[in-house]
Amino acid sequence: MSLKLTNSFTKKLETFKSLKPGEVSIYCCGVTVYDLCHLGHARSYIVWDVLRRYLMSQGYQVTFIQNFTDIDDKILAKASKESSTMTQVSEKNIKEFHQDMDTLGILRPSRMPRATRCLDGIREMIQKLEKKGAAYSVEGDVYFSVMRYSEYGKLSGRDLSEQQLNADGRIDKEEGARKQHPFDFALWKTAKDGEPSFSSPWGQGRPGWHIECSAMVLQELGETIDIHLGGSDLIFPHHENEIAQSEVANDKKLATYWLHNGMVNVGGQKMSKSLGNFTTIRALLKEGVSPMTLRLFILQAHYRKPLDFTRESIEAASIGWQRLNSALCLGLISHHRLKWPKNVSHEKTISDLNARVIPETLSKSRQQFTDALEDDLNTSIAISILFDLGRPLRSLANQIERDISDLGEEEKNKELHLRWMLLVSLANILGLQPELPQVGESDQGQKYNEYEIIKAIKERKAAKLSRNFTKADKIRKELKDKGIELIDKKDGVTDWIRK
RNA sequence: GGCGGCAUGGCCAAGCGGUAAGGCAGAGGAUUGCAAAUCCUUUAUCCCCAGUUCGAAUCUGGGUGCCGCCUCCA
């Protein structure tokens, strides 16, 4: 295989080669746990989930570390607002985070370190930096001295001498006075009255934001890792500072590849908490947008480009997903009818497929799919191949629906089965899992119960038989108004589905 | 002011020098009492100008517009 990735460090498309054969170490910047995640977070973690799934599909042993920043001004602010504690706020939001990510089908990281649990490593690294003369303390604060690191700015392409003129009044004056250089950043902050704090050689305080990632990478993965991930908004200063800290402390390159995802935009502007233009994952799911719709929406764009969020584009993704999903569900719903082996599990389907010889047309699709992902994760192309693969399957699903008995020759049926297995297998690399339709199943706490629906369907059938279509349509309409859609099948049976 | 990115049909979005993927929407047709679903067919010369080239959406130069980062941020 030859996976090519755009390395933000070199700004070039590079062929991926791991440090250790067959193993990949990945660190991904996680969230500050002070609130629910929004669509922007979803994009980041969905995209990196695909990278991980792809590497796994190629047989790599992937160690994926993602942190939780569980100490921060915003968490403290939230705690004070809710009259709770920092720990309560972060614990709650960690739980919420897991719930959202699990729903979106994002694989759990191998380990998820938290800032408050890595204090030893953090303190050690700061001390190391002090010893090397790259850090200095002022009244209980400790700062990293950017002038002591000649390569500072190499990730973001910033030149210290040109930048310092343009602080533009954005730097806190008090802090600015303590710093030797405007770009120096806090490694350790002295505690303010009443704030949670931790002991250190510099007094009670807490770590600066950037240092936790450096300490965690070292602790969890070592001095140099294969891939470092994050949103493009983290390039400066966060990742720049991480590089400075780690590389000065360890005298080793921090990461071979740096990958950054583009932002989710709203009306051309970045979705963010501070602008207030965000939509949480939770809110979208609550509205009935399916998790896989969100995945499809996000993966239809290239991960490095900005992606505009609109109701229309979510709606388009939703309909697209329904169609793709009907192909994905075919073997789960109709295996009996098609005389296909019963699907035991996704894993089984995928391993079964790998053991088979597949026809040339299908292996070509598989190759195109892989080529697309290897070309800097071109999920957009990958998805177009899924749609192509799914087309004949949807057609078949429709034939079954209409009970057209002729299923064609055995050869053809065999090809369709393999096609379906391939579709399931490739979709799985994008994390797109079939969502079985909830036909006829009552959800929790429905206002209109199943008995009434069935009764109405019977009435409508009687009306249809007596050719009283006005009445039949009236019943359809009444049910529709209550969110129940009727689907007439060829054999005279009427299915229903809650919308 | 510095650094970086983007501009493709009604909308979203691929494309990385060889004559415009895919999704949604629209149109026509098949099927259908209606509805839904499905199938087939169909819709662009790529922000502007100049250049390089046999050939450019793709490269170069110059515009115009939009965005990100430089403060917390996926």
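Proteins come first, then strands; the chains are lettered A, B, ... in the order of their sequence lines, and each starts at number 1. Only heavy atoms go into these numbers, but all of them, side chains included; no hydrogens, no water, no symmetry mates.
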Determine whether the aromatic ring centres of A:F9 and A:Y257 lie less than 6.0 Å apart. no
Partner nucleotide of B:G10 by Watson-Crick or wobble geometry (both distances under 3.5 Å): B:C24
Work out how far the P atom of B:G15 is from that of B:C47, and round it to whole angstrom. 15 Å
Taking only the side-chain heavy atoms of A:R460 (C-beta and beyond), determine which of B:C69, B:A35, B:G33 contains the nearest atom. B:G33
Residues which pass salt bridge (Lys or Arg N to Asp or Glu O under 4.0 Å) with A:E360, listed by chain and number, not counting sequence neighbours: none
Using a heavy-atom cut-off of under 4.0 Å over every strand shown, decide if A:R323 touches base, sugar-phosphate, or nothing. sugar-phosphate
What is the pairing partner of B:U60, taking Watson-Crick or G-U wobble pairs with both distances under 3.5 Å in any strand? B:A50
Can you tell me the base-pairing partner of B:U38? Count Watson-Crick or G-U wobble geometry only, both distances below 3.5 Å, and say none if there is no partner. B:A30
What's the closest nucleotide to the side chain of A:F183 if the choices are B:U71, B:C39, B:G23? B:U71
Does B:U45 have a Watson-Crick or wobble mate here (both distances under 3.5 Å), and if so which one? none
All N/O donor-acceptor pairs, side-chain side in residues 274-283 of chain A, below 3.5 Å, sequence neighbours left out:
unit_1: A:S274; atom_1: OG; unit_2: A:S272; atom_2: OG; d: 3.4
unit_1: A:N277; atom_1: OD1; unit_2: A:S272; atom_2: N; d: 2.9
unit_1: A:N277; atom_1: ND2; unit_2: A:K270; atom_2: O; d: 3.0
unit_1: A:T280; atom_1: OG1; unit_2: A:A283; atom_2: N; d: 3.0
unit_1: A:R282; atom_1: NE; unit_2: A:D100; atom_2: OD1; d: 2.7
unit_1: A:R282; atom_1: NH1; unit_2: A:E96; atom_2: OE1; d: 3.0
unit_1: A:R282; atom_1: NH2; unit_2: A:E96; atom_2: O; d: 3.3
unit_1: A:R282; atom_1: NH2; unit_2: A:E96; atom_2: OE1; d: 2.9
unit_1: A:R282; atom_1: NH2; unit_2: A:D100; atom_2: OD1; d: 3.1

Identify whether any heavy atom of A:S395 sits under 4.0 Å from a base atom; if not, whether one sits that close to sugar-phosphate; answer base, sugar-phosphate or nothing. sugar-phosphate
Using a heavy-atom cut-off of under 4.0 Å over every strand shown, decide if A:G268 touches base, sugar-phosphate, or nothing. sugar-phosphate
In terms of ring plane angle, is the pair A:Y152 and A:Y149 parallel, tilted or perpendicular, where the classes change at 30° and 60°? perpendicular
When you compare B:U60 with B:G17, how far apart are their C1' atoms, in angstrom units rounded to a whole number? 13 Å
Would you indicate what A:F469 reaches in the nucleic acid, counting non-hydrogen atoms under 4.0 angstrom: base, sugar-phosphate, or nothing? base
Which part of the nucleic acid, if any, lies within reach of A:G262 when heavy atoms closer than 4.0 Å are counted: base, sugar-phosphate only, or nothing? base
Considering only heavy side-chain atoms of A:S384, the closest of B:G22, B:C67, B:A74 is B:G22
Report which part of the nucleic acid A:I383 touches: base, sugar-phosphate, or nothing (heavy-atom distance under 4.0 Å, all strands). nothing
Base, backbone or nothing for each nucleotide of nucleotides 40-45 of chain B, written B, S, -, heavy atoms under 4.0 angstrom, 5' to 3'? ------
Touch class at under 4.0 angstrom, heavy-atom based, for A:R394 against every strand present: sugar-phosphate
Identify whether NZ of Lys or CZ of Arg in A:K273 sits under 6.0 Å from the centre of the six-membered ring of A:Y34 and within 45° of that ring's axis. yes
Across the strands shown, which category fits A:Y45 at heavy-atom distances under 4.0 angstrom: base, sugar-phosphate, nothing? sugar-phosphate
Any donor-acceptor pair, under 3.5 Å, between the side chain of A:S232 and the base of B:A74, if you only look at N and O atoms? no
Between B:U45 and B:U58, how many Å separate the two C1' atoms, rounded to a whole number? 13 Å
